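Here the structure is laid out as structure tokens; the discussion comes afterwards.
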Number of protein chains: 2
Amino acid sequence: MEKLTLGEEGELPVRIAAAIRDAIVEGRLISDQRLPSEQELAEQFGVSRPTVREALKRLAAQSLIRTQRGATGGAFVNRLSYDDAASQLITTSTLLLSMNAVDFETACEARYALERACVPFAAARRKADHVVAMRAEIRRQALPDLTDESFCASDVAFHRALVDAAGNPVLSYQLAGAVEAMQPLMNMITFTARSRERIVALHTAIADAIDAGDATAADTVLAELAAYTSALAEDVRRARSARAAGMTG
Amino acid sequence: MEKLTLGEEGELPVRIAAAIRDAIVEGRLISDQRLPSEQELAEQFGVSRPTVREALKRLAAQSLIRTQRGATGGAFVNRLSYDDAASQLITTSTLLLSMNAVDFETACEARYALERACVPFAAARRKADHVVAMRAEIRRQALPDLTDESFCASDVAFHRALVDAAGNPVLSYQLAGAVEAMQPLMNMITFTARSRERIVALHTAIADAIDAGDATAADTVLAELAAYTSALAEDVRRARSARAAGMTG
DNA sequence: AACAGGTCAAATGTCAAACATTTAATGTCT
DNA sequence: AGACATTAAATGTTTGACATTTGACCTGTT
């Protein structure tokens, strides 16, 4: 590996991590390539081993590298998989939503807008197994003794299958993050108010439309589902403010 | 802070980081709250200070905490801002695209699909300053002696303004990641083949449509822009394979 | 000659103790 | 009362050591 140069400002581990990250992004370090040992890196950068370790750990936290112990061990450039990227996106989005008091309306709007963006592709390219997966989840959702948690999980799986049907991994990755991150917020309203029959009916209509390759119909139903979810949220909000008023007045 | 419990498997810093992250996600640690000192954490978890530090650095790499030196220093729970989240998303997406040889077609399709999802909201809610920003970028793009780099940067800024006009920060955050991450890929084709006049004309049409609140028109033009970009990519690809064939044959 | 086993070395993981640096609070002098 | 020096607390960094893991190599047996 050629020599890396450090930036000017900031703390040492940050600068070292940035130098290595740049090397990866710019292709000077390629997937599965082994980095020099911590000792060698320490000498190259003129710092101590713990400092190098902190830098490597920062990169490991972002899944940019993986470390392996033992004789042939070391730090290796990670080939970032869609799954790794998606799980990071989910973590980030979940935190973003929970820490910024994003109102349900905004998150919900974003989620369905993104999902509707997938529908034309899903209708055009759906494979049999995507439709099978969607219908399987619908059957699960129709089971009368399903717990709320399981229903919600199945809901996520249904939408995941819909998005995957679009056959665009970049879209899937972005959507998976949005859908999963919204799950806690969704649960807050859906546990209390939602009609499973209504949801199942809408899901069935979506699956039918996708199966038939009818993007327009699928989009219409999805819009209806978005409106229904939004209305539910409104109900919950009204109920809450009424209860709050009752408690203070 | 109440006591945190470690998970069962994995390395110590990973488990410690996970314990703290869970506490943040679940709201047991709230924004701007100060964590115990590294020394105290080390005692609580029964590990050494460097181990705690590694855990904290993992969290800092994800912008979950920030550290501050000095007398009243320490580690503080970070309120994850949209900007922080967006920059992480950009890093992740950029790497994902560069390391997985995502073909231009897939990335381009995803990008414009997401952007078109914003258009109805942008048309409905655009404020004057968004339109002003879009038109300012268009004027920049029309300057004859603009470098390719500046043109591309202005291109990103234009689309950013379009997305922001939708008035949904969650959408903005997701889109910003997609658009910026695609920039290197876009540059590869646009430096060589694109007609600035055509782009400027399309951008102008989009700005006009958004300004007029005409979502359908804006969507149509955006679809046209997507098709044009896609066609350019096709040209570049054909030229490349022809050149490659010429070299080998 | 092939295989099983043990030994070894290299690398990361962890710990301990110290020193450096930064920062704000505190106390003191004018 | 305000300016300035002191101090304490915290993170940043270094050094050195030991623990653990794991593949490579050597060796002995079949």
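Order of the sequence lines sets the chain letters (A, B, ...), proteins ahead of strands, with each chain counted from 1. Keep in mind that this is a model prediction, so the values were computed, not measured.
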Practice item. Round to the nearest Å and state the distance from A/Leu41 atom CG to C/dA10 atom P. Key: 18 Å
Check your understanding: Can a salt bridge be assigned to the pair A/Asp155 and A/Arg160 using a cut-off of 4.0 Å between side-chain N and carboxylate O?
Key -> no
Point to revise | Cationic N near anionic O, under 4.0 Å, B/Glu54 to B/Arg58 | key: no
Practice item. Looking only at side-chain atoms of A/Ala71, point me to the closest of D/dT13, C/dA25, C/dA10. Key: C/dA10
Practice item. For B/Arg15 and C/dG13, give me the distance from atom CZ to atom P, rounded to whole Å. Key: 14 Å
Revision key, fill the gap. Ranking A/Pro50 and A/Ala75 by the position along DNA chain C of their nearest nucleotide, the one closer to 5' is A/Ala75
**Study point:** B/Ala178 to B/Leu114 - nearest heavy-atom pair and separation
**Key:** CB-CD1, 4.0 Å
Point to revise | side-chain N/O A/Lys57 vs C/dT12 OP1/OP2, d < 4.0 Å | key: no
Exercise for review: State which of C/dT14, C/dA25, D/dT13 makes the closest approach to the side chain of A/Ser48.
Suggested key: D/dT13
**Study point:** Closest listed nucleotide, where the reference is the side chain of A/Glu38 and the choices are D/dT13, C/dA24, C/dG13
**Key:** C/dG13
Practice item. Using a strict 4.0 Å threshold on nitrogen-to-oxygen distance, state whether B/Arg66 and B/Asp32 make a salt bridge. Key: yes
Revision key, fill the gap. Taken to the nearest whole Å, CZ/A/Arg53 to C1'/C/dA16 is 15 Å
Check your understanding: Expressed in angstrom and rounded to an integer, what is the separation of A/Leu59 atom CG from C/dT12 atom P?
Key -> 14 Å
Check your understanding: From the list C/dC15, D/dA9, D/dG23, which nucleotide is the closest neighbour of the side chain of B/Leu12?
Key -> C/dC15
**Study point:** NZ/NE/NH1/NH2 to OD/OE distance under 4.0 Å, A/Glu38 and A/Lys57
**Key:** no
Exercise for review: Specify the separation, in whole Å, of atom CD1 of B/Ile65 and atom P of D/dA10.
Suggested key: 16 Å
Check your understanding: Rounded to whole angstrom units, what separation is found between the CG atom of B/Leu35 and the P atom of D/dT11?
Key -> 9 Å
Review point. C/dG13 base to A/Arg49 side chain: any donor-acceptor pair below 3.5 Å?
Key: yes
Study note, to complete from the structure: Rounded to whole Å, CZ of B/Arg66 lies from C1' of D/dT11 at a distance of 15 Å
Exercise for review: Quick one: label B/Gln68 by what it contacts on the DNA or RNA (base, sugar-phosphate, nothing), any heavy atom closer than 4.0 Å.
Suggested key: sugar-phosphate
Exercise for review: Report the nucleotide, chosen from D/dT13, D/dA10, C/dA11, that has the shortest atom-to-atom distance to any side-chain atom of A/Arg34.
Suggested key: C/dA11
Exercise for review: By nearest nucleotide on DNA chain D, pick out whichever of A/Arg69 and A/Thr51 is the more 5' one.
Suggested key: A/Thr51
Revision key, fill the gap. Picking from D/dT13, D/dG12, D/dA8, the nucleotide nearest the side-chain atoms of B/Thr67 would be D/dG12
